[in-house]
Amino acid sequence: MKEVNQNTIESVDINGFQDDLLRWFEAEQRDLPWRKDQDPYKVWVSEIMLQQTRVDTVIPYFHRFIEQFPTVKDLSEADEEKVLKAWEGLGYYSRARNLQAAVREVHEKYGGRVPDTPKEISSLKGVGPYTAGAILSIAYGIPEPAVDGNVMRVLSRILSIWDDIAKPSSRKIFESSVRKLISHENPSHFNQALMELGALICTPTSPSCLLCPVREHCTAFYEGTQHELPVKTKTKKQRNVQLAAAVLIDDHERILIHKRPEKGLLANLWEFPMAEINIAYVSDKEQMKDVFSTQFGAEVEIQEMTGQIEHVFSHLTWNINVYKGKVIILEEEKNDLKLVSLEEIKEFPFPVSHQKIWKQYLDSRG
DNA sequence: CAAACGTGGCC
DNA sequence: TGGCCAAGTTT
């Protein structure tokens, strides 16, 4: 029998909990590239990259990004295209554009110094409540909560909090808990320790309670409910979209590419000309010729379908019929429509779905 | 608030 | 294989 919304924070030995957690973190923390110093800019970049993204995925991107854009000034002055290229494959590309917009604001409005107040830092694009707390605590040692999925999972177990962590309203319950528990001597290590514990010990499906440094403070371990927490409602299933894309080459071996709109899915990334199609019309080369001609103002010839690609996003699935063909006449190149050489194409940021298309095209040429 | 917003790894 | 998950934010 589960208690509902049983918050047992009053019974926690706060000092003992902090000591055990911090001692564990300081002995066991992973050696991660963004932990080499406390440069607020680097902490910021790492926190944005880590949003909804695994540590192992982020590490190589972080190294390359900091090498290419070492300071606020460097990122401020960079072309957006270069920033998106550095982000290529990481996903959630608005993170990159928001980061650069925010860094430009810091450069111009704060002389390049990342602000250290909740109000100022929270006003920056892409900096929500988690990231604000993470930067303030890790870079500046300010005792603000940094509540992410790890922290909600860990604290839901420690404190037996049965609120649904999928609901936005639940976050403030956990923030309130962190405000009571956080170490004022070392807010940086406290917040990082909670996340590190969630990543290494207090994992979603099979928590290693017998290795846990704070199990004696954990009400879920005491009651044996660690596998029932946290409560998280399931997501609904995504929809399917049928598309046709074409790799179109002119008589100078140049490839036609299109820049996606500045808002929405994969904003400002480049792609091979692509159109949504009615499932009933698939595989008709003449239909595809009309689709590409009207949509992109070019006279094209569709030669053959080279294959099909399925690409799964978090909220939808693309089913793409991939064609190859020729550009006969292009009305004009525009900012969002270019003919590029085999060498030039490497400089443009493409989403993974269209990297797959390119690979398939190269394979089809042998 | 619910939905949009990417990708890759895991079981 | 398909659903779930990973250091969330914006609209």
Side-chain angles (χ1 to χ4, degrees), chain A residues 25 29-30 32-35 42-62 84 87-99 101-102 121-135 137-139 145-154 164-172 174-175 178 188 190-200 202-206 230 232-241 260-269 271 310-318 349-356:
Chain A
F25 178 73
Q29 64 167 304
R30 290 168 292 178
L32 299 173
W34 44 89
R35 288 179 175 163
K42 287 190 235 172
V43 171
W44 184 7
V45 170
S46 74
E47 292 302 339
I48 300 297
M49 286 188 169
L50 285 162
Q51 290 170 5
Q52 300 290 284
T53 310
R54 286 182 163 73
V55 165
D56 289 344
T57 303
V58 167
I59 289 172
Y61 282 91
F62 179 80
L84 286 174
W87 210 270
E88 183 183 73
L90 249 194
Y92 289 138
Y93 299 95
S94 68
R95 291 184 295 175
R97 302 199 309 133
N98 287 338
L99 174 61
I121 199 155
S122 298
S123 74
L124 297 169
K125 280 185 185 166
V127 178
Y130 163 74
T131 304
I135 297 171
S137 61
I138 297 170
V147 173
D148 71 339
N150 284 313
V151 172
M152 288 196 282
R153 182 173 60 258
V154 169
D164 180 0
I165 66 167
K167 293 195 181 309
S169 58
S170 296
R171 202 196 65 253
K172 60 182 182 294
F174 292 91
E175 284 179 346
V178 172
S188 166
F190 182 88
N191 279 341
Q192 291 185 77
L194 237 30
M195 294 187 275
E196 195 82 341
L197 190 70
L200 301 181
C202 195
T203 53
T205 54
S206 52
K232 189 179 187 183
T233 54
K234 42 189 160 293
T235 56
K236 50 171 236 183
K237 69 172 190 336
Q238 28 74 196
R239 62 185 214 278
N240 277 59
V241 179
R260 295 179 57 84
E262 62 181 42
K263 291 200 176 297
L265 184 62
L266 306 171
N268 282 5
L269 273 68
E271 65 184 358
E310 179 184 270
H311 189 79
V312 179
F313 295 92
S314 50
H315 61 305
L316 59 87
T317 298
W318 277 358
F350 283 84
V352 169
S353 50
H354 284 253
Q355 294 174 30
K356 293 182 193 170

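As the structure is a computational prediction, the values presented were derived from the model and not from experiment. Numbers restart at 1 for each chain; the letters A, B, ... are given by sequence-line order, proteins then strands.
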Would you please name every residue forming a side-chain contact (heavy atoms from CB on, under 4.5 Å) with A:Y92, sequence neighbours left out? A:Q52, A:R95, A:S314

Salt bridge (charged side-chain N to carboxylate O under 4.0 Å, His left out) partners for A:R54, two or more places apart: none

So if I take residues 53-61 of chain A and measure heavy-atom distances to DNA chain C, which residues fall below 4.0 Å? A:R54, A:V55

Residues at least two apart in sequence or cross-chain that pass ring pair (Phe, Tyr, Trp, His ring centres under 6.0 Å) with A:F350, listed by chain then number, are A:F272

Assign each of A:A166 and A:P351 the nucleotide of DNA chain B bearing its closest heavy atom; nearer the 5' end lies the nucleotide of A:A166

Under 4.0 Å between any heavy atoms, over every strand shown, what does A:W318 touch: base, sugar-phosphate, or nothing? Just pick one. nothing

Taking only N and O in the side chain of A:Y92, is any of them less than 4.0 Å away from OP1 or OP2 of B:dA4? no

Pick base, sugar-phosphate or nothing for A:L266, based on heavy-atom distances below 4.0 Å to the nucleic acid. sugar-phosphate

Output yes when at least one side-chain N/O atom of A:H315 is less than 4.0 Å from OP1 or OP2 of B:dG6, else no. no

Contacts of type salt bridge (charged side-chain N to carboxylate O under 4.0 Å, His left out), residue A:R260, not counting sequence neighbours: A:E271

Select base, sugar-phosphate, or nothing to describe what A:G264 touches, counting heavy atoms under 4.0 Å on all strands. sugar-phosphate

Give the rounded distance in Å between these two atoms: CZ of A:F62 and P of C:dA6. 22 Å

Just checking A:S169: base, sugar-phosphate only, or nothing, at a heavy-atom cut-off of under 4.0 Å? sugar-phosphate

Whole-Å distance separating the CZ atom of A:F313 from the P atom of B:dA4: 13 Å

Give A:I135 one of three labels, base, sugar-phosphate or nothing, depending on what nucleic acid heavy atoms sit under 4.0 Å from its own. nothing

What does A:S46 touch in the nucleic acid at a heavy-atom separation under 4.0 angstrom: a base, only the sugar-phosphate, or nothing? nothing

Record whether the side chain of A:S314 comes under 3.5 Å of the base of B:dG6 through a donor-acceptor pair of N or O atoms. yes

Using a 4.0 Å heavy-atom cut-off, does A:R30 contact any base of the nucleic acid, only the sugar-phosphate backbone, or nothing at all? base

Side chain of A:Y130, base of C:dG8: donor and acceptor closer than 3.5 Å? no

With sugar-phosphate meaning primed atoms plus P, OP1 and OP2, does A:R171 contact a base, only sugar-phosphate, or nothing at under 4.0 Å between heavy atoms? nothing

Report the residues that fulfil side-chain hydrogen bond (donor to acceptor under 3.5 Å, both in side chains) with A:T131, sequence neighbours left out, ordered by chain and then residue number. A:Q51

